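Beneath this line is the structure, given in structure tokens, with notes to follow.
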Amino acid sequence: MPELPEVEVVRRGLAQWVVGREIADAEVLHPRAIRRHLPGADEFAARLKGRTVLSAERRGKYLWLPLSGAEEALLAHLGMSGQLLVVDPQTPPERHLRVRLRFEDGGPDLRFVDQRTFGHVMLTPLVHGVPEPIAHIAPDPFEESFDEAEFTRRLRARHTEIKRALLDQSLISGVGNIYADEALWIARLHWARPTETLTRPKIVELLAGVRTVMGAALLQGGTSFDALYVNVNGESGYFDRSLEVYGRRDLPCSRCGTPIRREAFMNRSSYSCPKCQRKPR
DNA sequence: AGTTCAACCTTCACGC
DNA sequence: TGCGTGAA
DNA sequence: GTTGAAC
């Protein structure tokens, strides 16, 4: 498993190419890619033109670029299949290209590509440095503002099941269904474990698991499950992905050899090792 | 109040 | 070969 | 992955 800070690779990748650059033109190729908070594609494009990108930030599945002028940012929500790509302007349009930003310097485009249209980009005001629509989203474990003691306190005050808590974006962000299952396996925790029974060291272990899984995924460009989902380099993360439990029903646990089980939970799949992750009584 | 569930979309793998 | 289904 | 409606 790669070591920290993998996130910085992604962030630097964005910052390196984008920061300080003036937007020449914004093109919306799919109306739903900018749904919400804006009248339409034309105004979206008009408001971006001539603005300069100041920096690049990330929170969970969100990336945002603060812009010159007003306290505003271009916010991208990647969803499950969305990607924010930095590519040579000569590159032919991607099959699922939704929004394309060209720059005055003639350098690489910033392209929002999203097969399933679950993600979107928008222009939004910043409040305390964070886009207004995601003000309720808690920091992810890679952010400097992520406070482990605070997280521990709030987690144990929840009185809920641990996986439910991990998927709660107001408590911790960046952890989806797959990452949750993987992190729980690493920490040898059953998804139904009551949060108030977790010891401080166990929570530390779990967070380490979350960072390991999330970091590996970020290295591959965020969401990359199917071979058709590609990373920032346009390569599939499919083959070098190393999932221990997710999607491995009946396959042996790499720690103890016990067949991995699949259970329905919260209207989705949950995978775990019956031996390593004992169900709480 | 807490929880489940369908909807939002496109594509692909699978079985018949 | 295609059509419906389930899953991402 | 997120939202909002329905139990």
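Predicted model, so just to flag it, every value in this text is computed and none were measured. Residue numbers start from 1 in every chain, and the chains themselves are labelled A, B, ... in the order their sequence lines are given, proteins ahead of strands.
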- Item | Contacts of type ring-ring contact (aromatic ring centres under 6.0 Å, His included), residue A/Phe112, not counting sequence neighbours |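 Applying ring-ring contact (aromatic ring centres under 6.0 Å, His included) to A/Phe112 gives none.
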Closest nucleotide among [options] to the [X] side chain:
| X | options | result |
| --- | --- | --- |
| A/Lys61 | B/dC12, D/dT3, D/dG1 | D/dG1 |
| A/Thr117 | C/dA8, D/dT2, B/dT10 | B/dT10 |
| A/Arg32 | D/dT2, C/dA8, B/dC8 | B/dC8 |
| A/His77 | D/dG1, B/dT11, C/dA8 | D/dG1 |

Protein and nucleotides 4-7 of chain D: nitrogen or oxygen contacts under 3.5 angstrom:
none

Any residue meeting side-chain hydrogen bond (donor to acceptor under 3.5 Å, both in side chains) with [X], in chain and number order, not counting sequence neighbours:
| X | answer |
| --- | --- |
| A/Glu196 | A/His159 |
| A/Ser270 | A/Lys163 |
| A/Asp168 | A/Arg158, A/Ser170 |
| A/Arg111 | A/Glu94, A/Asp109 |

- Message: Whether A/Glu57 and A/Arg59 form a salt bridge (side-chain N of Lys/Arg under 4.0 Å from carboxylate O of Asp/Glu) is what I want to check.
- Response: no
- A/Tyr271 and A/Tyr246 aromatic ring geometry - parallel, tilted or perpendicular at 30°/60° bounds: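 A/Tyr246 vs A/Tyr271 ring planes: perpendicular.
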- Using the C1' atom as the reference point in each nucleotide, state the distance between C/dA8 and B/dT3 in Å, no decimals.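 It comes out at 24 Å once rounded to the nearest Å.
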- Pick the P atom in C/dC3 and in B/dC9, then give their distance to the nearest Å. 24 Å
Rounded to whole Å, please give me the gap between [atom1] in [X] and [atom2] in [N].
| X | N | atom1 | atom2 | answer |
| --- | --- | --- | --- | --- |
| A/Arg262 | C/dA8 | CZ | C1' | 13 Å |
| A/Arg59 | D/dG1 | CZ | P | 17 Å |
| A/Asp114 | B/dT10 | CG | P | 11 Å |
| A/Ile172 | D/dT2 | CD1 | C1' | 17 Å |
| A/Leu171 | D/dT2 | CG | C1' | 17 Å |
| A/Phe118 | B/dA7 | CZ | P | 12 Å |
| A/Arg249 | C/dG6 | CZ | C1' | 12 Å |
| A/Asp168 | D/dT3 | CG | P | 11 Å |

- Can you list every pair that meets side chain to side chain donor-acceptor pair (under 3.5 Å) and has a residue in residues 247-257 of chain A, with sequence neighbours left out?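 Passing the test, one end in residues 247-257 of chain A: A/Glu244-A/Ser254.
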- Message: With a 4.0 Å cutoff (strictly under), does any side-chain N or O of A/Tyr246 reach OP1 or OP2 of C/dA8?
- Response: yes
- Query: Taking only N and O in the side chain of A/Gln115, is any of them less than 4.0 Å away from OP1 or OP2 of C/dA8?
  - Reply: no
Run the side-chain donor-acceptor check on residues 199-210 of chain A: report pairs under 3.5 Å with partners two or more places apart or on a different chain.
residue	atom	partner	partner atom	Å
A/Thr199	OG1	A/Lys202	N	3.2
A/Lys202	NZ	A/Ala187	O	2.8
A/Lys202	NZ	A/Glu205	OE1	3.4

- Under 3.5 Å donor-acceptor, A/Thr152 side chain and A/Glu148 backbone: yes
Every protein N/O within reach of nucleotides 2-6 of chain B N/O, cut-off under 3.5 Å:
residue	atom	partner	partner atom	Å
B/dT4	OP2	A/Arg164	NH1	3.1
B/dT4	OP2	A/Arg164	NH2	3.4

